[in-house]
Amino acid sequence: GAVVSQHPSWVICKSGTSVKIECRSLDFQATTMFWYRQFPKQSLMLMATSNEGSKATYEQGVEKDKFLINHASLTLSTLTVTSAHPEDSSFYICSASPSRAWAEAFFGQGTRLTVV
Amino acid sequence: GESVGLHLPTLSVQEGDNSIINCAYSNSASDYFIWYKQESGKGPQFIIDIRSNMDKRQGQRVTVLLNKTVKHLSLQIAATQPGDSAVYFCAENPSNQGGKLIFGQGTELSVKP
């Protein structure tokens, strides 16, 4: 149980375009999902907390207008990178938690974004 | 603030030896800690966790030690195998923020056959 799936696994897009990444909890309902970004040889950095039915909470320094997060259902959160630039190329990882009282989070397999 | 990673420190061990990976965490209010293993191009994989009311927890070939006084975690891997080669991260869960994890710097473990 507790499977989180991300789609796509990798994507290449042209500079200036937008790309959407999906994060789904397959066998549980996730009231909260989290989006992380990871550059090569670095740690995971939390970008934002995605709350079902309400606005996402962004970490300091993360542009909310550039990284649009939607959590329309208890099993799906999407991250849209708008007007992507080469410096947005990174590994994006989501995690999901069944409830606020549940400390552990379950991770997706990640999405490799390359902007050319 | 969030943990910002520098280039990963590395640990190289011989197959069969024990490995010890260390981590310093930042928030004294954190009450739950997890060690993750991450292989290249994949998401983090849960290894073992520990709550702040414990100082040691053992799993299969792995042990986590927690020292709250100095905000330090360690992961011990017994009889390290080539399949253990990966990057290992500790993560802390700030109190009452379910699922939110702040990751440490990470250590790249390389196991020589």
Side-chain angles (χ1 to χ4, degrees), chain A residues 1-6 9-10 21 23 25 28-52 56-62 71 77 90-114, chain B residues 1-10 21 23-27 29-54 57 64 73 86-110:
Chain A
V3 177
V4 175
S5 177
Q6 272 183 251
S9 298
W10 59 271
I21 302 170
C23 179
S25 56
F28 67 99
Q29 293 185 329
T31 56
T32 311
M33 290 184 173
F34 303 88
W35 288 96
Y36 296 82
R37 180 167 54 181
Q38 185 178 32
F39 292 107
K41 297 292 187 182
Q42 293 191 17
S43 187
L44 284 77
M45 287 184 58
L46 181 65
M47 299 175 66
T49 301
S50 172
N51 304 298
E52 188 269 336
T57 304
Y58 290 82
E59 296 298 308
Q60 190 174 5
V62 178
H71 194 153
S77 175
S90 188
F91 194 51
Y92 292 86
I93 308 170
C94 74
S95 70
S97 180
S99 76
R100 294 187 186 279
W102 195 281
E104 186 182 353
F106 304 98
F107 282 85
Q109 72 271 35
T111 297
R112 172 72 60 192
L113 170 63
T114 303
Chain B
E2 307 306 329
S3 173
V4 178
L6 302 174
H7 287 279
L8 297 171
T10 58
I21 300 171
C23 176
Y25 64 93
S26 58
N27 190 339
S30 294
D31 57 6
Y32 179 63
F33 305 88
I34 310 173
W35 278 100
Y36 286 95
K37 173 185 180 182
Q38 187 182 31
E39 297 175 321
S40 182
K42 298 183 179 180
Q45 175 187 352
F46 175 93
I47 301 174
I48 191 168
D49 58 359
I50 189 168
R51 294 205 171 272
S52 59
N53 60 352
M54 303 172 68
R57 189 157 189 240
V64 54
L73 276 167
V87 179
Y88 291 80
F89 293 98
C90 69
E92 59 184 298
N93 174 240
S95 182
N96 298 321
Q97 297 188 49
K100 177 176 180 177
L101 295 174
I102 308 302
F103 281 78
Q105 184 180 18
T107 297
E108 184 169 11
L109 175 65
S110 175

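Convention: sequence-line order gives letters A, B, ...; per-chain numbering from 1.
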- What are the two closest heavy atoms between F89(B) and Q38(A), and how far apart are they? CZ-NE2, 3.6 Å
- Task: Could you tell me which portion of Q45(B) (side chain, backbone, both or neither) has an atom closer than 4.5 angstrom to a non-hydrogen atom of chain A?
- Result: neither
- So, for G99(B) and A105(A), which heavy atoms are closest and what is the spacing to 0.1 Å? O-CB, 3.5 Å
- Message: Measuring from atom CZ of F103(B) to atom OH of Y36(A), what distance do you get when rounded to the nearest 0.5 angstrom?
- Response: 5.0 Å
- Any side-chain heavy atom of Q38(B) sitting closer than 4.5 Å to one from F91(A)? yes
- So CZ of F106(A) and CZ of F46(B): to nearest 0.5 Å the spacing works out to 8.5 Å
- Contact part of F39(A) toward chain B, heavy-atom cut-off under 4.5 Å: side chain, backbone, both or neither? neither
- Task: Find the distance between CG (L46(A)) and CD1 (I102(B)) and round it off to the nearest 0.5 Å.
- Result: 5.5 Å
- Task: Considering non-hydrogen atoms only, spot the tightest contact between K100(B) and F34(A) and give its length.
- Result: N-CZ, 3.2 Å
- Portion of Q6(A) that has a non-hydrogen atom of chain B nearer than 4.5 angstrom: neither
- Note on the structure: Heaviest contributor of heavy-atom pairs below 4.5 Å to chain A, chosen from G106(B), P44(B), A91(B), is P44(B)
